[in-house]
2 protein chains.
Amino acid sequence: MGRQRTFVCGLDAAFAVVGGKWKALLLWELAQGVRRFGELRRALEGISEKMLIQQLREMEHDGLVHREVYREVPPRVEYSLTAFGRSLNAAMEPLGAWGDEHKARIEELHS
Amino acid sequence: MGRQRTFVCGLDAAFAVVGGKWKALLLWELAQGVRRFGELRRALEGISEKMLIQQLREMEHDGLVHREVYREVPPRVEYSLTAFGRSLNAAMEPLGAWGDEHKARIEELHS
DNA sequence: CAGGATCCGTGTTGATACTG
DNA sequence: CAGTATCAACACGGATCCTG
């Protein structure tokens, strides 16, 4: 992925795994429960299949997401959070609450 | 900035103001105290002057940062957090603590 | 259904030089 | 000191088509 780097603070390290446009949303969605590929695609409106699988793979590599493959026809793959992923989601909750609280203000600023 | 959009959840809104490579670090640095332009540049090793001023301006626009200009020679400008910025920083604290805790693991993953 | 592979635009980031 | 301006590079994200 990226070259080895030293993080100057915890925020830096945290953003290395949840940064970008989609990962925080994926984390939140998977925190609601186990999800299949297609469910995630519909939940994150606007994401392309490429980005979805790419973000999922990176989160799997980072140990946040577990991928369970069922060898059936048609194929079925279920994604869920690991304990590590759940701990991250818990740490993001205050931030989510803050965003919820100031949602309207932020939307207006970015109009 | 970006077109008007509707945020699907609070995380989405929060990332609209602290997303990107530098803003979280700036927020954290400014939470330590008032800082001058040059101090910030030295604190965020690797940032270019252009990015620094650009991120600061956006955070100022979002109401997170206050910019105080002192008409002196040589010029002096001091940056600080607004109450809004401090509230965001508080909301990010658990995330920072999480990152601190798992720093080593994440650094290794991204090597 | 759940991906892979490829092409491609563009926003973001960076280097460098210059200014009040 | 605290910026501006300009140019260049690249990663990010998206569209489309293809496969087991």
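Numbered from 1 within each chain, the chains take letters A, B, ... in sequence-line order.
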Whether K103(A) side chain and A13(B) backbone form a donor-acceptor pair below 3.5 Å: no
Where does the chain A footprint on DNA chain C start and end, counting 5' to 3' with a 4.0 Å heavy-atom cut-off? dC1(C) to dC7(C)
Interatomic distance, R41(B) CZ vs dC1(D) P [rounded to whole Å]: 7 Å
In chain order, what residues pass the side-chain contact (heavy atoms from CB on, under 4.5 Å) check against E78(B), with sequence neighbours excluded? V34(B), R36(B), Y70(B), R76(B)
Length of the line joining R57(B):CZ and dA5(D):P, which is rounded to integer Å: 11 Å
Taking five pairs at each end of the helix from dC1(C)-dG20(D) to dG20(C)-dC1(D), what angle separates the two helix axes (nearest 10°)? 50°
Rounded to the Å, how far apart are K23(A) NZ and dA11(D) P? 15 Å
May I have the distance from R35(B) (atom CZ) to dA2(D) (atom P), rounded to whole angstrom? 13 Å
My understanding is that only residues two or more places apart in sequence, or in another chain, count here; which of them pass side-chain contact (heavy atoms from CB on, under 4.5 Å) with V69(B)? R67(B), V77(B)
What is the nucleic acid contact for R36(B), judged by heavy atoms within less than 4.0 Å: base, sugar-phosphate only, or nothing? sugar-phosphate
Which of residues 67-77 of chain A have a heavy atom under 4.0 Å from DNA chain C? R67(A), P74(A), P75(A), V77(A)
side-chain contact (heavy atoms from CB on, under 4.5 Å), paired with L25(B), selected from I47(B), L44(B), L30(B): L44(B)
Pairs where residues 8-43 of chain B contributes a residue and the test ring pair (Phe, Tyr, Trp, His ring centres under 6.0 Å) is met, not counting sequence neighbours: F15(A)-F15(B)
Parallel, tilted or perpendicular: which one describes the rings of F84(B) and H102(A), with boundaries at 30° and 60°? perpendicular
Looking at side-chain heavy atoms only, is the closest gap between L40(A) and L56(A) below 4.5 Å? yes
Indicate whether OP1 or OP2 belonging to dC1(D) is found under 4.0 Å from a side-chain N or O atom of Y79(B). no
Not counting sequence neighbours, which residues clear side-chain hydrogen bond (donor to acceptor under 3.5 Å, both in side chains) with Q55(B)? List them please. none
If you measure from CG on D12(B) to CD on E107(A), what distance do you get to the nearest 0.5 Å? 9.0 Å
Filter on side-chain hydrogen bond (donor to acceptor under 3.5 Å, both in side chains), then keep only pairs touching residues 83-94 of chain A, sequence neighbours left out; what's left? S87(A)-W98(B)
Across all chains, not counting sequence neighbours, the side-chain hydrogen bond (donor to acceptor under 3.5 Å, both in side chains) partners of E45(A) are none
In residues 44-53 of chain B, which residues come under 4.0 Å of DNA chain D by heavy atom? E49(B), K50(B), I53(B)
Using the test salt bridge (charged side-chain N to carboxylate O under 4.0 Å, His left out), find all partners of E49(A) that sit at least two apart in sequence or belong to another chain. R41(A)
Taken in chain and number order and not counting sequence neighbours, the residues that satisfy side-chain hydrogen bond (donor to acceptor under 3.5 Å, both in side chains) with E68(A) are H66(A)
